[in-house]
Engineer: 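Would you mind keeping the following structure in view while I ask a few things?
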Amino acid sequence: TMTRPRVRDDNDDSEIKHILSHDVDIVVILVVVTDQCEQRRLGCLFDAHNQATSHHRVYHVHFCATSERALELLVMGNTTFDLVLIDIFSGSGLQGHALVPLIKAKVPLARRPSLVMFSALRDGPLALACLGGGASAFLVKPIHLDTIAFPGSIAQVAVGSDDDPAAHLP
């Protein structure tokens with residue numbers, strides 16, 4: 001199930017005017033995670049970032065509970081996502097780590113977002129497999145925007161840090 005974006009309330013034009021009146025990058029993110037508690041936690045994390053007035057980047061976050069639905073949204077292309085955060089173990093059905101090759105095969109390169117995998121497990125071989133399969137990064141939960149071992153925010157990692165991702169494996 002996809003929830004409403006968390007950046008703004010469609011009935012509140014003041015937030016839109018605030019965003020448009022400043023030099024702000026809007027990063028559109030799809031988070032694929034089954035656990036509703038984790039969805040709420042990540043939603044609060046991005047909301048807190050967006051409400052801080054000192055940032056020049058705003059996260060427009062959509063949530064999706066299954067890998068199958070995520071693939072459907074990415075293939076349809078109605079929304080262009082800059083980044084997809086994927087829980088490695090996303091409930092029943094298609095697991096998150098199996099989503100990477102499907103996205104690479106079915107989403108045109110021009111619309112293909114950066115893919116960042118995350119898990120509660122520190123599993124080096126799985127992380128290397130994800131990175132080797134095309135993921136931009138592998139993060140260990142809990143995710144904190146200010147403590148990621150890459151320079152800058154998740155979005156900066158996803159759009160192509162010059163860092164070697166393997167150097168940051170757990």
Engineer: Can you give me the closest heavy-atom contact between Leu99 and Ala70, atom names plus distance?
Structural biologist: CD2-CB, 4.2 Å
Engineer: Can you give me the closest heavy-atom contact between Lys106 and Val75, atom names plus distance?
Structural biologist: CB-CG2, 3.8 Å
Engineer: I'd like to know whether Ile103 forms a side-chain contact (heavy atoms from CB on, under 4.5 Å) with Leu71, so could you lay out the CA-CA distance, the side-chain angles of the two residues, the decisive distance to 0.1 Å, and finally the verdict.
Structural biologist: CA-CA 7 Å; Ile103 291 171; Leu71 185 60; 4.1 Å; yes
Engineer: Over all heavy atoms of both residues, which pair between Ala65 and Thr34 is shortest? Give the atoms and the distance, please.
Structural biologist: O-OG1, 2.9 Å
Engineer: For residues Cys130 and His97, report the shortest heavy-atom separation together with the two atoms involved.
Structural biologist: SG-CB, 4.0 Å
Engineer: Please evaluate residues Val61 and Asn50 with respect to the criterion side-chain contact (heavy atoms from CB on, under 4.5 Å), reporting the C-alpha separation (whole Å), side-chain torsions for both, the decisive distance (0.1 Å), and the verdict.
Structural biologist: CA-CA 11 Å; Val61 183; Asn50 290 344; 5.6 Å; no
Engineer: Could you check if a side-chain atom of Leu121 sits within less than 4.5 angstrom of a side-chain atom of Leu126, using non-hydrogen atoms only?
Structural biologist: no
Engineer: Just so I know, are the side chains of Met76 and Glu72 near enough to count as touching, which here means a heavy-atom distance under 4.5 Å?
Structural biologist: yes
Engineer: Using 30° and 60° as the class limits, which term best fits the ring planes of His49 and Tyr59: parallel, tilted or perpendicular?
Structural biologist: tilted
Engineer: Which value, rounded to the nearest 0.5 Å, describes the distance between Phe138 atom CZ and Leu115 atom CG?
Structural biologist: 13.5 Å
Engineer: Quick check: does any side chain N or O of Arg112 sit under 3.5 Å from a backbone N or O of Leu74, one acting as donor and the other as acceptor?
Structural biologist: no
Engineer: Pro113 and Val84: which non-hydrogen atoms are nearest, and at how many Å?
Structural biologist: CG-CG2, 3.5 Å
Engineer: Contact between Asp123 and Ile88 at the side-chain level, heavy atoms closer than 4.5 Å - yes or no?
Structural biologist: no
Engineer: Say you draw a straight line from OG1 of Thr80 to CG of Leu30; how long is it, rounded to the nearest 0.5 Å?
Structural biologist: 12.0 Å
Engineer: With a 4.5 Å heavy-atom cut-off, do Val28 and Thr79 have their side chains touching?
Structural biologist: yes
Engineer: Can you give me the closest heavy-atom contact between Glu38 and Lys141, atom names plus distance?
Structural biologist: OE2-CD, 3.8 Å
Engineer: Answer yes when Arg41 and Asp35 have at least one side-chain N-carboxylate O distance shorter than 4.0 Å, and no when they do not.
Structural biologist: no
Engineer: Within the 4.5 Å heavy-atom criterion, are Val32 and Asp87 side-chain neighbours or not?
Structural biologist: no
Engineer: Should Phe118 and Leu42 count as side-chain neighbours, where that means a heavy-atom distance under 4.5 Å?
Structural biologist: yes
Engineer: Distance check, rounded to the nearest 0.5 Å: Ser119 atom OG versus Ile143 atom CD1?
Structural biologist: 10.0 Å
